[in-house]
Amino acid sequence: MLEASIQGLVNLLNFESIIFIFLGVTFGLLIGFLPGLGGPVAMALVLPFVVGVPPAAAFALLLGAHIGTIYGSSITSILFNIPGASKSVSLCFDGYPMTQKGEGARALGASATAAFLGGIFGAIFLTISLPFMRALMLALGPAEYLMMAVWGLSVIATFSEGSVIKGLIAAGFGLLVSFMGMDPVTGTARYTFGSLFLMDGIEFPVAVIGLFAVSQMIKLYVKGGSIAKKPTSVDGAEIDSKLVWVGVKDCLIHWKLVLRSSFLGLWIGILPGIGASVGGIAAYAQAVQTSKNPETFGTGNVEGVIAPEATNAANEGGGLMPTLGFGIPGGEAMAILLSAFIVMGIQPGREMLTTHLDIVFTMVWIIILANSVITLFGLFTAHKLANLTMLPGNILIPIVLSICFTGAYAIQGRIGDVIVAFIFGVIGYIMDRYEYSRADMVIGMVLGLMLERYLHISLTLYGNLFIVTRPVALLLFLVVVYTLAYPFLRKRKMEKANAS
Amino acid sequence: MNNKTINNIVAVTFLLIFVAFLGVSMSYGGRTRLVPIPIAVTSIILVLLQLYYQNIRPDVKLDIDTSDMFLKPIERNDAIHGQTAATTEVIEEGGKESTGILLVGSFLVLIMLVGIIPATFLYVFGYCRYVGKNKSSKALSLAVATSLALFLLFDAILKVNLYEGWLLSLL
């Protein structure tokens, strides 16, 4: 294992690979900053450039671009409340309130550091856990993935900001919207009302652009002014750039949270599809559960930024496991990585986790190095980026709307998507105005089809009593019950504390 | 119209949407509606609960813990979920909600008529100049910079064929 790890690093130590990491990350950051585009787009665009290039350099470019988009998406989540990907949604919960308080630079500093530490811890845990991962992946099937999706929804019920009922209503709305289009199980067109446009359903990035970006700009117009005011003084001195290092210090103070989140991110990351969506939310939930000040979450608690970011960073390493070990891509980005393997003549499978382990570790090292580059970028540009939020709304609004609508169009080249983005923008504004959580709706949209697909497969393969007959599914079901019971247990604990 | 009335309207709108989903789902086959129907029914129940708490039990705070839905809430000084932003913020220099939505809608119409890049130029200039009350030179430079950046990024680099507009397609 150690030899494979060292060989993996040696594969990377050449000029071409290092340059490609920088190029990939830079390109990824730019793409991640644009709403609607994301990791798959960035990787798809650089894919033609990996032909004829040595594998290490090729993976450096691809993974660097993917990692870059994740942090680019984190920046927009924190500064503008616009998540570029589902895994960045949880960063909005506390990152944006921090920006509104004038602590955007601190949030970005914490985010960059958490990404770096999360990547490293994730790699260390991955190395240690590798022998167990294969057994775990073999033990997990559709029933277990279904339970993970249900768990993701139960976390909404427990940790929804504001009214729980409204959060669940928003999640239900998101679930139903996700069912629009062709049913993947039966091939029936659902809720399309005869429209060819709706046959493909509502594109997730388009809905996110509308729900967060467009609605945010309407809100900014109504509120007036800018997103954030000049940051309040920290320790008596108004120095914006110092806020970045306060964020770094926050990560070091909360090192246990970073460790836990990285471990969580790694293990959730090995679940194909589910990992990317649920990881950030799960991390946020465990941060709330373990915090000394849970009541401050949602108002700008830096722990609410550290946990999801560390999880997202560690998630990538975990996501490599099903992709390389079984040829099952963990998401769209991993699917593109798989196609790169085919182009380079590398066959994913059992050998990747045994005889070709050095290739796996090359990619793990790429993730660490890419996160390092991003951290440097984040730390040295955070205070400049945070200044964007102090631009007057009457300048920011038309520019952001232009980028958003262009991004919405660019996804599939359909003007209908721009109209959908506008409609969801109005819906998002009303939801935010009357405290129906948009984040819960987005989570519902992400998990809806997954939930349905795995339910049908589970019923077909294992029968109606699959929860009982599958031990791991039963265990996860009990975790769901515990998550739902947690508020009651916490309440009893508080009552006892009040009584004493 | 007071806040409570509008809250009720929003809740009833959600109710109608869920009822519509339920109604349409009834026409689908068994497997097709296996998941949507329970979700629609659950959502309807939740909205009815929401309307109940809003109107019949207004004394109960709506940002409550899950346990508070079934147990008597205990006095506490700090909310478990943290405070959400106040729904009525002090409006400093902002405008009306309807105007805000109209402004965004007008951009959409402009895009559909003349295409993305020309619409971006016109909208950014118009917004900065007439809504933002900026100087013409500043508005013009922002408009040029934005539309040029979008063109270079999407058309030149990403090779996306940007929408040209309905009016241009007539020519």
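All chains are named by letter (A, B, ...) in the order of the sequence lines, taking the proteins before the strands, and each is independently numbered beginning at 1. Just the heavy atoms: all of them, side chains too, but no hydrogens, waters or symmetry mates, feed the values below.
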Quick check on B:Tyr28 against chain A: is it the side chain, the backbone, both or neither that has a heavy atom closer than 4.5 Å? side chain
Do you know which of B:Val104, B:Leu162, B:Val124, B:Val24 has the most heavy-atom pairs with chain A at a distance under 4.5 angstrom? B:Val104
For B:Ile117, is it the side chain, the backbone, both or neither that has a heavy atom under 4.5 Å from a heavy atom of chain A? neither
Proximal component of A:Ala170, with respect to chain B [non-hydrogen, under 4.5 Å]: neither
Taking the ring centre of each residue, are A:Tyr436 and B:Phe14 less than 6.0 Å apart? yes
Quick one: what part of A:Ile419 sits under 4.5 Å from any heavy atom of chain B, side chain, backbone, both or neither? both
Quick one: which of A:Tyr96, A:Tyr429, A:Tyr221 gives a side chain to side chain donor-acceptor pair (under 3.5 Å) with A:Gln216? A:Tyr96
Please check if the side chain of A:Thr188 supplies one atom and the backbone of A:Arg190 the other of a donor-acceptor pair under 3.5 Å. no
A:Phe93/A:Phe297 aromatic ring centres below 6.0 Å: no
Give the ring-plane orientation class for B:Phe125 versus B:Tyr130, where under 30° counts as parallel, over 60° as perpendicular and anything between as tilted. perpendicular
Side chains of A:Thr299 and A:Pro97, heavy atoms from C-beta outward: is any pair under 4.5 Å? no
At a heavy-atom separation under 4.5 Å, does A:Thr460 approach chain B through its side chain, its backbone, both, or neither? side chain
Side chain from CB out, backbone as N, CA, C, O: work out which of these in A:Ile218 comes under 4.5 Å of a heavy atom of chain B, or both, or neither. side chain
Can you tell which of B:Lys159, B:Arg33, B:Glu97 has the highest number of heavy-atom pairs within less than 4.5 Å of chain A? B:Glu97
Go through B:Leu153, B:Thr13, B:Val131 and name the one with the most non-hydrogen pairs under 4.5 angstrom from chain A. B:Leu153
Test side chain to side chain contact (heavy atoms under 4.5 Å, CB included) applied to A:Leu198 and A:Tyr191, step by step: CA-CA 8 Å; A:Leu198 289 176; A:Tyr191 318 113; over 6 Å; no
What part of B:Ser25 gets within 4.5 angstrom of chain A, counting heavy atoms only: side chain, backbone, both, or neither? both
Determine the option with the most heavy-atom pairs under 4.5 angstrom with chain A, choosing from B:Asn134, B:Leu103, B:Leu108. B:Leu108
Can you find a side-chain donor-acceptor pair between A:Asp94 and A:Tyr284 that sits under 3.5 Å? yes
Is there side-chain contact between B:Val35 and B:Ile39, with heavy atoms separated by less than 4.5 Å? yes
Pick one of side chain, backbone, both or neither for B:Thr32, based on which atoms fall under 4.5 Å of a heavy atom in chain A. both
Pair count under 4.5 Å, heavy atoms only, with chain B: among A:Asn293, A:Ile397, A:Asn301, highest is A:Ile397
Side chain, backbone, both or neither of B:Ile116 within contact of chain A (heavy atoms, under 4.5 Å): side chain
Winner by heavy-atom pair count (cut-off under 4.5 Å) against chain A, out of B:Ile44, B:Thr42, B:Leu34: B:Leu34
Under a 3.5 Å distance rule, please check whether A:Lys219 uses its side chain to pair with a backbone N or O of A:Val214 as donor and acceptor. no
Heavy-atom distances under 4.5 Å only: say whether B:Leu150 touches chain A with side chain, backbone, both or neither. side chain
Tell me, for B:Ala11 versus chain A, whether the close heavy atoms (under 4.5 Å) come from the side chain, the backbone, both or neither. both
Proximal component of A:Leu401, with respect to chain B [non-hydrogen, under 4.5 Å]: both
Beyond-backbone contact of A:Arg414 with A:Tyr409, side-chain heavy atoms, under 4.5 angstrom: no
Taking side chain as everything from C-beta outward and backbone as N, CA, C, O, which of these in A:Met431 sits under 4.5 Å from a heavy atom of chain B? Side chain, backbone, both or neither. side chain
Do A:Ser215 and A:Asp432 have side-chain atoms, one donor and one acceptor, less than 3.5 Å apart? no
What part of B:Lys133 gets closer than 4.5 Å to chain A, counting heavy atoms only: side chain, backbone, both or neither? neither
Can you tell if the side chain of B:Lys138 reaches within under 4.5 Å of the side chain of A:Ile395, non-hydrogen atoms only? yes
Under 4.5 Å from a heavy atom of chain B, the part of A:Phe422 involved: side chain
Which atoms of A:Val418 come close to chain B, meaning under 4.5 Å heavy atom to heavy atom: side chain ones, backbone ones, both, or neither? both
B:Ser147 versus chain A, the contacting section by heavy-atom distance below 4.5 Å: neither
Below 4.5 Å from any heavy atom of chain B, which atoms of A:Ile430 appear? Answer side chain, backbone, both or neither. side chain
So A:Lys223 and A:Leu220, do their side chains get closer than 4.5 Å, heavy atoms only? yes
